[in-house]
Colleague: 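Below: one structure in structure tokens.
Just follow the structure's listing: the first ligand is 1, and inside any ligand the first atom is 1. The residues of the chain are indexed from 1 along the displayed sequence. The figures that follow rest on heavy atoms only: side chains count, while hydrogens, waters and symmetry mates do not.
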Amino acid sequence: NEVQFAASNKLKNTNYQNVYNDIANVIRENDEHDDYIGSGPVLLRLAWHASGQFDSKQEIKGGSYNGTLRFDKELSDPSNAGLKYAFDLLKPIYKKYNHQISHGDLFTLAGVVAVQEMGGPKIPWRYGRVDGDIETVPLNGRLPDANQNANYVRNFFHRLNFLEDKEIVALIGAHCVGKTHLKNSGFEGPWGAATNMFTNEFFRNLLTEKWVLEKNEAGNQQYNNDKGYMMLPTDMALVQDGSFKKIVEEFANDESSFFKVFSSAFNKLLENGIKFEKSSPVLYFKTLDEQDI
Ligand code: HEM
Ligand SMILES: Cc1cnc2ccccc2c1N
């Protein structure tokens, strides 16, 4: 069946480090993107959006398995505005490996590369996703709305089978990198503070900065501070809800705790809804720095 087919066409384990390195080099070569924030954050968002439309209760389940984000039908979902740039960065790598890697494996591996090359935790990763045809594209509108509160955020992630608050808070901690763009999402900023280093700074800022709720140029409410930082309403929800806030405090004080929970939650996000062959190995990748490249 299809999964066996993918198995027979997959690269030997060692070759995935080569794919990792090719994606990492694309990030290094495109360091001028978005006023020198670079391409890490948008590739991380691509991996999350390729996986986060999963819904086990729907006929068409979504998730990363079928690599459906490659179709314009999904890429043109307003929630995916800005991600075509990230997909275009990966197209030459897809061609180079000539169908030996699926789009789902490529999109999710790009998220692992982005996190690790920006200094974040190691993310375990497995191959074996198989491209589905356009019939497998999930309906648009399954990704979250940033204007909402803590209960909305909790319920959203329950749909993705994240039932523990720790996993939810850790995942949103990915907002430590990159920025919002008015033309993509109707939110602007943070001008000065956008970073490309994966740290627990997002949680520290949530607790220490003074946040003022303001309407932005697109008419959306967002939280701004006096340094040009911003937080989305769904970011701020993490300190408005008692249970979430305790976890924000834990991650703000202990980056290794944030990294540990993020690593397993991000892997779970990228593998939502996929049954891997028992024999399919869990791979860990070295960063370019660790290989002295
Ligand atoms: C409540 C859940 C979430 C909401 C409502 C949300 C919303 C958003 C919005 C509105 C943007 C700005 C997009 C733009 O204007 O370009 C954004 C950016 C981003 N999101 Fe999220 N997000 C959520 C969860 C996540 C998760 C789980 C991850 C990854 C694990 C993630 C990673 C990112 C990254 C890396 C960026 C920066 C992209 C860039 O700089 O181009 N987000 N998010
Ligand atoms: C500091 C901060 C806060 N919220 C964000 C939301 C999405 C993307 C980036 C963000 C970011 N750098």
Colleague: What are the protein N/O/S atoms, named by residue and atom, that sit under 2.8 Å from atom 21 (Fe) of ligand 1?
Modeller: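 Only His175 NE2 fall inside 2.8 Å of atom 21 (Fe) of ligand 1.
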Colleague: Test your reading of the structure: does Asp235 have an N or O sitting under 3.5 Å from an N or O of ligand 2?
Modeller: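 In this structure, Asp235 places an N or O atom under 3.5 Å from an N or O of ligand 2.
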Colleague: Ignoring angles and geometry beyond distance, decide whether Gly178 reaches within less than 3.5 Å of ligand 2 through its nitrogen or oxygen atoms.
Modeller: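 Yes.
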Colleague: Identify the closest protein heavy atom to atom 4 (C) of ligand 1: which residue and atom is it, and at what distance?
Modeller: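 Closest protein heavy atom to atom 4 (C) of ligand 1: Pro144 CG, 3.8 Å.
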Colleague: Select the closest option to atom 37 (C) of ligand 1 among Lys179, Met118, Lys183, judged by heavy-atom distance.
Modeller: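 Among Lys179, Met118, Lys183, the closest heavy atom to atom 37 (C) of ligand 1 comes from Lys179.
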Colleague: Are Trp125 and Tyr16, when compared by the centres of their aromatic rings, separated by less than 6.0 Å?
Modeller: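 They qualify: ring centres under 6.0 Å apart.
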Colleague: Among protein heavy atoms, which sits nearest to atom 41 (O) of ligand 1, and what does the distance come to when rounded to 0.1 Å?
Modeller: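 Answer, as residue, atom name and distance: His181 CE1, 3.4 Å.
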Colleague: Against heavy atoms of Asn184, which atoms of ligand 1 measure under 4.0 Å?
Modeller: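 Those qualifying, in numeric order: 14 (C), 15 (O), 16 (O).
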Colleague: Looking at Gln53 and Arg142, would you say the former's side chain and the latter's main chain have a donor-acceptor pair under 3.5 Å?
Modeller: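 Judged by distance alone, no pair lies under 3.5 Å.
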Colleague: To check your reading of the model: name the closest protein heavy atom to atom 12 (C) of ligand 1, its residue, and the distance in Å.
Modeller: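 That would be Thr180 CG2, 3.5 Å.
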Colleague: Can you list every pair that meets ring-ring contact (aromatic ring centres under 6.0 Å, His included) and has a residue in residues 199-218, with sequence neighbours left out?
Modeller: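 Checked against ring-ring contact (aromatic ring centres under 6.0 Å, His included) - neighbours excluded - the pairs reaching residues 199-218 are Phe203-Phe251, Phe203-Phe258.
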Colleague: Under the 3.5 angstrom rule, does the side chain of Asn220 hit a backbone N or O of Phe187 as a donor-acceptor pair?
Modeller: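 No, the answer is negative, given that no donor and acceptor are paired below the 3.5 Å cut-off.
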Colleague: Could you tell me whether the side chain of Gln240 and the main chain of Asn149 form a donor-acceptor pair under 3.5 Å?
Modeller: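 No.
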Colleague: Return a yes/no value for Lys179: is any of its N or O atoms, backbone included, closer than 3.5 angstrom to an N or O of ligand 2?
Modeller: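 For ligand 2, there is no N or O atom that lies under 3.5 Å from one belonging to Lys179.
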Colleague: Any donor-acceptor pair under 3.5 Å linking the side chain of Glu117 with the backbone of Ala24?
Modeller: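 No, the answer is negative, given that no donor and acceptor are paired below the 3.5 Å cut-off.
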Colleague: Okay, side chain of Asn30, backbone of His33: is any donor-acceptor separation there less than 3.5 Å?
Modeller: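 Flag not set: sc Asn30 to bb His33 has no pair under 3.5 Å.
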Colleague: For ligand 1, which is the ligand I care about here, please tell me if Ser185 has any N or O atom under 3.5 Å from one of the ligand's N or O atoms.
Modeller: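 Yes, since at least one N or O of Ser185 sits under 3.5 Å from an N or O of ligand 1.
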Colleague: Sub-3.5 Å donor-acceptor pair from the side chain of Asp131 to the main-chain atoms of Gly67, do we have one?
Modeller: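 Not at all, since once roles are kept as given, no pair shorter than 3.5 Å links the two residues.
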Colleague: Working note: Leu207 + Lys245, criterion side chain to side chain contact (heavy atoms under 4.5 Å, CB included); need CA distance, chi angles, decisive distance, verdict.
Modeller: CA-CA 9 Å; Leu207 294 167; Lys245 185 173 183 186; 4.0 Å; yes
Colleague: Which bit of Thr195 gets closer than 4.0 Å to ligand 2, counting heavy atoms only: side chain, backbone, both or neither?
Modeller: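 Within the 4.0 Å criterion, Thr195 makes no contact with ligand 2.
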Colleague: Would you mind listing which atoms of ligand 2 come within a distance below 4.0 Å of any non-hydrogen atom of Val177?
Modeller: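 Those qualifying, in numeric order: 9 (C).
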Colleague: Is it the case that the side chain of Lys268 and the backbone of Asn161 share a donor-acceptor pair, with hydrogens and angles ignored and the cut-off at 3.5 Å?
Modeller: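 Side chain of Lys268 to backbone of Asn161: a pair is present.
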Colleague: Please state which option from His181, Met236, Met230 has its nearest heavy atom closest to atom 1 (C) of ligand 2.
Modeller: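 Among His181, Met236, Met230, the closest heavy atom to atom 1 (C) of ligand 2 belongs to Met230.
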Colleague: Taking the six-membered ring for Trp, is the centroid-to-centroid distance between Phe107 and Phe87 below 6.0 Å?
Modeller: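 For Phe107 and Phe87, the ring centres are under 6.0 Å apart.
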Colleague: Closest non-hydrogen protein atom to atom 35 (C) of ligand 1, residue and atom name please, with distance?
Modeller: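 Going by distance alone, atom 35 (C) of ligand 1 is nearest to Pro41 O, 3.3 Å.
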Colleague: Evaluate the side-chain proximity of Ile123 to Phe285: yes if any heavy-atom separation is below 4.5 Å, no if none is.
Modeller: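 SC-SC contact between Phe285 and Ile123 ruled out.
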